[in-house]
Amino acid sequence: MVRKIGVLTSGGDAPGMNAAIRSVTRIALNNGVEVVGVHDGYRGLLEGNFEPLTRHDVSDILDRGGTKLGSARLPEFREEEIQNACVKNMQREGIDALVVIGGDGSYRGALALTKKGINCIGLPGTIDNDIPGTDFTIGFDTALHTCVENVDKLRDTSSSHHRCSIVEVMGNHCGDLALYTAISCGAEMVITPETGYDELEVLEQLRYLGAAVQKNHAIVIISEKICDVDALAKKVSLQTNFSGRATVLGHIQRGGSPTPTDRILASRMGEKAVDLLMEGIGGQCVGIIDNVISAMPIQEALERPRQSRKHLYRLFDRLV
Ligand code: ATP
């Protein structure tokens with residue numbers, strides 16, 4: 001029987017992590033299970049940086065971005081010796097199960113601990129939507145709102161100046177944030193790891209939009225880690241009718257108050273995590289698939305291909 005659940009946030013922070021911490025805490029406490037917050041991800045397990053959580057401790061965090069517990073990366077956690085030290089610390093503290101809110105790296109850590117006898121459940125917390133086993137991650141919707149709000153503003157100014165705005169958004173090798181932003185903002189072009197990148201083709205397409213279609217402005221949404229957007233903007237200015245301007249949205253995409261969609265998603269996922277642990281189940285990760293909260297073994301999720309967005313790329317092409 002589970003008596004005490006630990007909860008930690010690991011990897012990059014995401015809006016909605018606090019809502020997940022609150023959900024895990026409230027639902028566990030309401031079931032007579034104690035909760036311990038672990039500070040700074042797996043580092044907190046190693047250093048014994050624990051904080052018992054009451055229902056009051058998670059008041060007033062539902063609407064806050066970031067994570068109350070802090071997040072960190074601990075590369076050494078891949079080593080068995082370090083994992084054993086963490087297990088000892090948890091046993092000393094009486095923690096017999098753990099909820100890990102983070103990305104796929106954090107899931108691997110959760111799987112390792114489960115194999116060592118501490119049941120762990122992973123919740124997908126990242127703005128990148130790059131975690132298999134779920135249609136959406138906690139934080140994605142909020143980041144999408146931030147992107148859309150900012151691109152809408154760029155559109156106002158670029159349409160007044162015959163500009164081509166090239167906007168780089170996050171995604172960590174996943175094109176979802178760029179694709180969803182591009183559809184939401186009526187962009188002229190979207191470039192992601194899934195579409196591939198051919199600079200000559202991009203310039204050719206912009207020449208066509210400027211000359212043949214006589215577009216007054218153009219918005220290009222591009223995923224991070226694809227090209228140097230400043231260099232591309234310069235080429236746009238030199239080789240097309242548009243004046244090219246690059247904007248890197250950067251870390252503002254990670255911040256802000258979570259949207260209601262993220263708050264609800266995090267609350268539902270937190271509930272599922274506690275329910276699984278109370279049933280004595282570990283080594284699983286929680287996802288939302290076709291709007292149903294579900295769980296699957298972490299190993300299986302890590303081996304799965306990500307959800308295909310082919311239909312949305314097709315929609316984007318038909319809307320341009
Ligand atoms: P994000 O998507 O934001 O990068 P993430 O959870 O994938 O989140 P990582 O830096 O990959 O971020 O992993 C977070 C932490 O999880 C690492 O610092 C490490 O402590 C632990 N971790 C990562 N990979 C493993 C692994 N193979 N085995 C055990 N622990 C791991």
Side-chain angles (χ1 to χ4, degrees), residues 14-16 103-104 107 123-152 154-155 164-199 201-202 204-206 208-209 213 215 218-227 249 253 258-266 268-269 272 285-296 300-320:
D104 53 348
Y107 277 15
L123 299 190
T126 168
I127 66 159
D128 297 324
N129 217 37
D130 63 341
I131 304 180
T134 187
D135 291 344
F136 295 105
T137 55
I138 297 167
F140 174 71
D141 186 66
T142 306
L144 175 61
H145 275 245
T146 302
C147 291
V148 169
E149 198 185 324
N150 283 284
V151 174
D152 283 349
L154 284 169
R155 172 178 286 279
C164 169
S165 275
I166 298 163
V167 189
E168 182 185 287
V169 303
M170 286 186 167
N172 189 33
H173 306 295
C174 172
D176 283 9
L177 199 50
L179 174 64
Y180 279 70
T181 302
I183 294 174
S184 304
C185 296
E188 275 63 39
M189 217 181 282
V190 62
I191 303 166
T192 68
E194 291 84 1
T195 64
Y197 174 60
D198 180 333
E199 186 184 279
E201 245 178 51
V202 171
E204 181 56 41
Q205 175 72 4
L206 288 173
Y208 169 76
L209 289 172
V213 184
K215 285 219 72 131
I219 305 272
V220 177
I221 308 292
I222 182 163
S223 298
E224 63 182 348
K225 301 176 187 168
I226 287 191
C227 75
L249 291 186
Q253 293 163 92
T259 59
T261 298
D262 270 333
R263 296 181 198 189
I264 292 168
L265 181 66
R268 292 176 75 191
M269 287 181 163
K272 181 74 177 177
C285 55
V286 175
I288 183 162
I289 297 175
D290 295 334
N291 205 27
V292 176
I293 298 291
S294 53
M296 69 173 76
E300 190 187 319
L302 292 174
E303 285 162 6
R304 273 195 172 204
R306 270 202 308 267
Q307 189 73 271
S308 165
R309 303 297 187 203
K310 268 190 191 143
H311 60 296
L312 290 177
Y313 281 103
R314 205 164 39 237
L315 170 65
F316 177 82
D317 287 340
R318 297 180 77 186
L319 288 169
V320 173

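The minimum heavy-atom distance between Gly125 and Ala14, with the atom names listed, is C-CB, 4.1 Å. Across all non-hydrogen atoms, the minimal contact from Leu154 to Ser165 is CB-OG, 4.2 Å. In terms of heavy-atom proximity, Val148 sits nearest to Ser184 at CG2-CB, 3.6 Å. When all heavy atoms are compared, the tightest approach of Gly16 to Ala266 is O-CB, 3.3 Å. The two residues Ala143 and Ile127 have their closest heavy-atom pair at CB-CB, 3.7 Å.
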Let me check something: any side-chain donor-acceptor pairs from residues 187-196 under 3.5 Å, sequence neighbours excluded? List them with distances.
from   : atom 1 : to     : atom 2 : distance (Å)
Glu188 : OE1    : Ile219 : N      : 2.8
Glu188 : OE2    : Lys215 : NZ     : 2.9
Thr192 : OG1    : Glu194 : N      : 3.1
Thr192 : OG1    : Glu194 : OE1    : 3.1
Thr192 : OG1    : Thr195 : N      : 3.1
Thr192 : OG1    : Tyr313 : OH     : 2.8
Glu194 : OE1    : Gly175 : N      : 3.1
Glu194 : OE1    : Tyr313 : OH     : 3.2
Glu194 : OE2    : Gly175 : N      : 3.3
Thr195 : OG1    : Thr192 : N      : 2.8
Thr195 : OG1    : Thr192 : O      : 3.0

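From Cys185, atom SG reaches atom CG of Asn150 across 9.5 Å, with rounding to the nearest 0.5 Å.
For Pro124, the side-chain contact (heavy atoms from CB on, under 4.5 Å) partners at least two apart in sequence or on another chain are Tyr107, Ile131, Thr134, Thr137, Met269. Shown here are the side-chain hydrogen bond (donor to acceptor under 3.5 Å, both in side chains) partners of Glu201, two or more places apart in sequence or in another chain: there are none. Checked against side-chain contact (heavy atoms from CB on, under 4.5 Å), Asn291 has the following partners two or more places apart in sequence or in another chain: Arg268, Ile288. Partners of Glu300 by salt bridge (Lys or Arg N to Asp or Glu O under 4.0 Å), not counting sequence neighbours, listed by chain and number: Arg304.
Residue pairs meeting the salt bridge (charged side-chain N to carboxylate O under 4.0 Å, His left out) criterion with at least one partner in residues 131-147, sequence neighbours excluded, are absent. Residue pairs meeting the side chain to side chain donor-acceptor pair (under 3.5 Å) criterion with at least one member in residues 166-180, sequence neighbours excluded: Asn129-Asp176, Asp130-Asn172, Asn172-Lys225, Asp176-Arg309. Pairs engaging residues 143-152 under the salt bridge (charged side-chain N to carboxylate O under 4.0 Å, His left out) rule: Glu149-Lys153 [sequence neighbours left out].
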task: Output, in order, the C-alpha distance, side-chain angles, deciding distance and verdict of side-chain contact (heavy atoms from CB on, under 4.5 Å) for Arg155 and Val151.
output: CA-CA 6 Å; Arg155 172 178 286 279; Val151 174; 5.6 Å; no
query: Yes or no on side-chain contact (heavy atoms from CB on, under 4.5 Å) for Met170 and Leu249, after CA distance, side-chain angles and deciding distance?
result: CA-CA 8 Å; Met170 286 186 167; Leu249 291 186; over 6 Å; no
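Taking 4.5 Å as the limit, some side-chain heavy atom of Ile289 sits within range of a side-chain heavy atom of Met296.
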